[in-house]
Amino acid sequence: MGEWHPCRGSTCGITGIQAFLAKHPEYDGRGIKVAILDTGIDPGAPGLSVTSTGKSKLLDSLDFTGSGDIDTSKSATISEDNNVEGLTGRILRIPAEWSIPSRTVQLGVAVGYRLFPGGLVSRMKKERAKTLDREHARVMNILRQRLDAFSFPLQEKEKVPESVLDPISDKQVDSAASTGDQKKDLQDWIEGIEKEKSEITDPGPIYDCVVFHDGSCWRAAVDVNESGDLTNIPLLTNFRKERQFSTFATDDACLNFACNIYDEGKTLSIVNDAGAHGTHVSGIVAANYPETPEINGIAPGAQIVGIRIGDSHLGSMETGTGLIRGFISVIQNKCDVVNMSYGEPAKSLNSGWFCNFANELVDKHNVIFVASAGNAGPALSSVGAPGGTTTSIISVGAYVSPHMMAAEYNMREMTEGKNYTWSSRGPAFDGDYGVSVSAPGGAITCVPNWTLQRNQLMNGTSMSSPNCAGNIAILLSALKERVIPYSPIRIRRAIENTASPISPGTTLDSGHGLVQIDSAFAYVLENKSHASQDIRFELSPRGVYLRQPHETEKPYVTSISVTPRFHADSPKQALIDFEMRVTLTATENWVQVCSHMVL
């Protein structure tokens, strides 16, 4: 634990993880489920197999974008010799040991380039083009040698290899010299091949899909080798049931995928990632390496629910429908924490359907929602949505420490720790903080196998958000183990009120400061008997933002309403009995406030 920790971004001591887990190794996230709303997760990535206690790391893998939906509504009957014609035209060999009582299967076809992440498609196109070029050059060389042989003087022909003179020595060019004028045929074929090659469009791999009911559940097989022989193809069912996955093997794609089957077998959802982002984020939260624990994620005992919201048809952008379906899944899976390292600029602040759903997750279903603040800094008010614009979400800025500068960026001369220059700054346009807290914003951890790498350095608030989520998972693990009740607002107060201020900088840069998990745990223990810790105080407006010179030329007077908000299931008597007497004090001498108020 004392060694450099690349996954935790050299941050074991920065957020208190090292000291906390040294005292409480059993509070490593076990018993906590973290939903990752992202590009999807590689189920075969290093570190994402099991938790520190041996449980399955990836509880479920779901795609709510529709990118991987395959129409399998066409049915076919298996022949007596266990064959069926797939939709690609290949004859598919159905293994005799498969249990298919009805002898009927559902068929579909998956187009690889429509399923695969953009980075993989680019790599495969280059590799397949090289293979095509090599084969094209080989065939053209044979053809040109044979054409040249017709021009050799008779006495020279005996010097020409027999394979050149023999027009049927290569099966690929047999028909070019079997009939008619062989020389003319060869010339025409050479010309035709050159023209066709310039017009070729690579369709990529195309896979047959087979779905059937085995008497107890729906199962699916994808002909990942494009061979038609399904004998050694993994037989999958809904991922949550057996947690099995398969791998697209054509041209060394190395793309792992899970399956879910819907609509009585008429829709097969192939769940692969739309990019490396989601796997990397998951590794920061909870990667577990039993043989090399020094490269574990923040909470190796936690379990992950992979919820893909990145639509590969839209360059991995999210859609409203995918987000809503993802939120529903968070509730169904009874997740404790949500991490969403996604976002973009928005004019609408703390309102709209997304905000309403996020509020419901937090206020009604006790889910702690963590999101990235954005990478549009250092300008003021550069925070993005939803992290920097939604009150119920913990918005996380990105911090870099001297140790990270040395270990991750190989800097020879380090500066003091600070937020990255590109980390988005507050305040939000309505005066809210914009950034709640900050956490380390760079990490080296696992990425999908199709990248042909074991791990990779990434940085951004996309990395600081899961770092914070992992810290929260550890805090919740401790509280559950001690049977101490908590609420999202109680946890948020602990995280924000114990964060370490970052200097140089202000709250606009880093929010309340750098997450300190050991101090947050102590804060929860100290205040566990205070019921007011579970009450959220809603401000309207959320803040006062005076930015332009003319706005500060004379005193500005405004009123702000404060409304206590209780959990949706709180007893009505608790609302009736509530009363809080508050003393107000201005922290700046140019601000005047009333001295007392009663809530």
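Reckoned from all heavy atoms, side chains included, excluding hydrogens, waters and symmetry mates. Not measured: the values here are computed from a predicted model.
- Summarising the geometry, atom OG belonging to Ser462 is positioned 9.0 Å from atom OH belonging to Tyr342; distances are rounded to the nearest 0.5 Å.
- Contact record, Gly377 with Ser382: CA-OG, 3.7 Å, taken as the closest heavy-atom pair.
- Considering CG of Asp263 and OG of Ser73, their distance stands at 10.0 Å, rounded to 0.5 Å.
- Under the 6.0 Å cut-off for aromatic ring centres, Phe212 and Trp98 qualify, their centroids lying closer than that.
- Between the side chains of Thr461 and Asn375, at least one donor N or O sits under 3.5 Å from an acceptor N or O.
- Rounding to the nearest 0.5 Å gives a distance of 11.5 Å between OG of Ser67 and CD1 of Ile309.
- Taking the charged nitrogens against the carboxylate oxygens, Lys184 and Asp188 do have a contact shorter than 4.0 Å, which makes a salt bridge.
- The shortest distance between side-chain heavy atoms of Leu268 and Cys259 falls below 4.5 Å.
- A donor-acceptor contact under 3.5 angstrom links the side chains of Thr250 and Glu226, judged on distance only.
- The distance from the SG atom of Cys254 to the CG atom of Leu120 is 8.5 Å, given to the nearest 0.5 Å.
- For the pair Ala221 and Leu235, the tightest heavy-atom approach, listed with the atom from each and the gap, is CB-CD1, 4.0 Å.
- Around atom CZ of Arg103, more than 12 heavy atoms belonging to other residues, nucleotides or ligands sit under 6.0 Å away.
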Steps toward side chain to side chain contact (heavy atoms under 4.5 Å, CB included) verdict (Leu48, Cys446):
CA-CA 8 Å; Leu48 298 183; Cys446 56; 4.1 Å; yes
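- Note: Asn455 CG to Thr279 OG1 = 12.5 Å, rounded to the nearest 0.5 Å.
- Ring planes of His213 and Trp218: perpendicular class, angle over 60° (limits at 30 and 60°).
- Salt bridge present: Glu135 and Arg138 bring a charged side-chain N and a carboxylate O closer than 4.0 Å.
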Given side chain to side chain contact (heavy atoms under 4.5 Å, CB included), test Arg240 with Leu59 step by step and report yes or no.
CA-CA 6 Å; Arg240 188 177 186 88; Leu59 279 174; 4.1 Å; yes
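- At least one side-chain heavy atom of Ile190 sits under 4.5 Å from a side-chain heavy atom of Leu147.
- Between the side chain of Ser312 and the backbone N or O of Ser316, no donor-acceptor pair lies under 3.5 Å.
- Heavy-atom contacts from other residues, nucleotides or ligands closer than 6.0 Å to CD of Glu97 number more than 12.
- With sequence neighbours excluded, the residues satisfying side-chain contact (heavy atoms from CB on, under 4.5 Å) with Glu85 are Ile91.
- Between the side chains of Ser341 and Asn339, a donor-acceptor pair is found at a separation under 3.5 Å.
- Ion pair Arg123/Glu127 flagged as a salt bridge, since at least one NZ, NE, NH1 or NH2 atom sits closer than 4.0 Å to an Asp/Glu carboxylate oxygen.
- Residues Pro386 and Phe354 share a closest heavy-atom pair of CB-CE2, 3.2 Å.
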Are Asp208 and Arg90 close enough, and set up right, to give a salt bridge (Lys or Arg N to Asp or Glu O under 4.0 Å), and what steps lead you there?
CA-CA 8 Å; Asp208 279 292; Arg90 299 187 190 101; 3.3 Å; yes
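- Of all non-hydrogen atoms in Leu115 and Ala110, the two that sit nearest each other are CD1-CB, 3.7 Å.
- You'll find the ring centres of Phe248 and Phe257 inside the 6.0 Å limit.
- In this structure, the side chains of Leu62 and Arg308 stay at 4.5 Å or more apart for every pair of heavy atoms.
- Within 6.0 Å of CD on Glu264 lie no more than 12 heavy atoms contributed by other residues, nucleotides or ligands.
- Here the closest non-hydrogen pair linking Val211 and Gly265 is CG1-O, 3.8 Å.
- Annotation: side chain of Ile193 is in contact with side chain of Leu143 (closest heavy-atom distance under 4.5 Å).
- Remark: Asn83 CG is packed, more than 12 non-hydrogen atoms of other residues, nucleotides or ligands lying under 6.0 Å away.
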Side chain to side chain contact (heavy atoms under 4.5 Å, CB included) between Ser329 and Phe64, worked out
CA-CA 9 Å; Ser329 181; Phe64 290 132; 3.4 Å; yes
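- Put simply, the side chain of Ile393 does not reach to within 4.5 Å of the side chain of Val370, judged on heavy atoms.
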Show me the donor-acceptor pairs, under 3.5 Å and distance only, between side chains in residues 33-42 and residues at least two apart or in other chains.
{"from": "Lys33", "atom 1": "NZ", "to": "Asn333", "atom 2": "O", "distance (Å)": "2.8"}
{"from": "Asp38", "atom 1": "OD1", "to": "His277", "atom 2": "ND1", "distance (Å)": "2.7"}
{"from": "Asp38", "atom 1": "OD1", "to": "Gly278", "atom 2": "N", "distance (Å)": "3.3"}
{"from": "Asp38", "atom 1": "OD2", "to": "His277", "atom 2": "ND1", "distance (Å)": "3.1"}
{"from": "Thr39", "atom 1": "OG1", "to": "Gly275", "atom 2": "O", "distance (Å)": "3.1"}
{"from": "Thr39", "atom 1": "OG1", "to": "Gly278", "atom 2": "N", "distance (Å)": "2.8"}
{"from": "Asp42", "atom 1": "OD1", "to": "Gly44", "atom 2": "N", "distance (Å)": "2.8"}
{"from": "Asp42", "atom 1": "OD1", "to": "Asn256", "atom 2": "ND2", "distance (Å)": "2.8"}
{"from": "Asp42", "atom 1": "OD2", "to": "Asn256", "atom 2": "ND2", "distance (Å)": "3.4"}
{"from": "Asp42", "atom 1": "OD2", "to": "Asn449", "atom 2": "N", "distance (Å)": "2.8"}

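- Salt-bridge annotation for Arg128 and Asp251: present, with a side-chain N of the basic residue lying under 4.0 Å from a carboxylate O of the acidic one.
- Ring geometry for Tyr420 against Trp422 counts as parallel: the plane angle stays under 30°, on a 0 to 90° scale with 60° as the upper cut.
- The shortest side-chain heavy-atom distance between Val285 and Val337 does not fall under the 4.5 Å cut-off.
- With hydrogens and angles left out, the side-chain atoms of Ser269 and Asp63 include no donor and acceptor closer than 3.5 Å.
- Side-chain contact, Tyr409 with Asn459: a donor N or O sits under 3.5 Å from an acceptor N or O.
- Residue-environment remark: CG (Asn232) stays at or below the threshold of 12 foreign heavy atoms within 6.0 Å.
- In the model, Ser227 has no side-chain atom that pairs as donor or acceptor with a side-chain atom of Asp229 under 3.5 Å.
- Counting only heavy atoms from C-beta outward, the side chains of Lys57 and Ser49 never approach each other to under 4.5 Å.
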Hey, mind stepping through Leu186 and Arg146 against side chain to side chain contact (heavy atoms under 4.5 Å, CB included) and telling me if it holds?
CA-CA 8 Å; Leu186 287 168; Arg146 292 180 180 177; 3.9 Å; yes
Contacts table for residues 317-324: side-chain donor-acceptor under 3.5 angstrom, sequence neighbours left out:
{"from": "Thr319", "atom 1": "OG1", "to": "Gly322", "atom 2": "N", "distance (Å)": "3.2"}

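- For Tyr289 (side chain) and Pro46 (main-chain N/O), a donor-acceptor pair under 3.5 Å exists by modelled atom type.
- Taking each heavy atom of Leu58 and Gly306 in turn, the nearest pair found is CD1-N, 3.8 Å.
- Looking at Ile200 and Asp202, their side chains never come closer than 4.5 Å, going by heavy atoms from C-beta outward.
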Using the rule given for side chain to side chain donor-acceptor pair (under 3.5 Å), can you reason through Asn272 versus Trp450, listing the C-alpha separation, both sets of side-chain angles and the distance that settles it, and then say yes or no?
CA-CA 11 Å; Asn272 59 270; Trp450 63 262; over 6 Å; no
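- Electrostatic pairing of Arg219 and Asp214 counts as a salt bridge here, judged by a charged N lying under 4.0 Å from a carboxylate O.
- From Ile284, atom CD1 reaches atom CG of Asn467 across 7.0 Å, with rounding to the nearest 0.5 Å.
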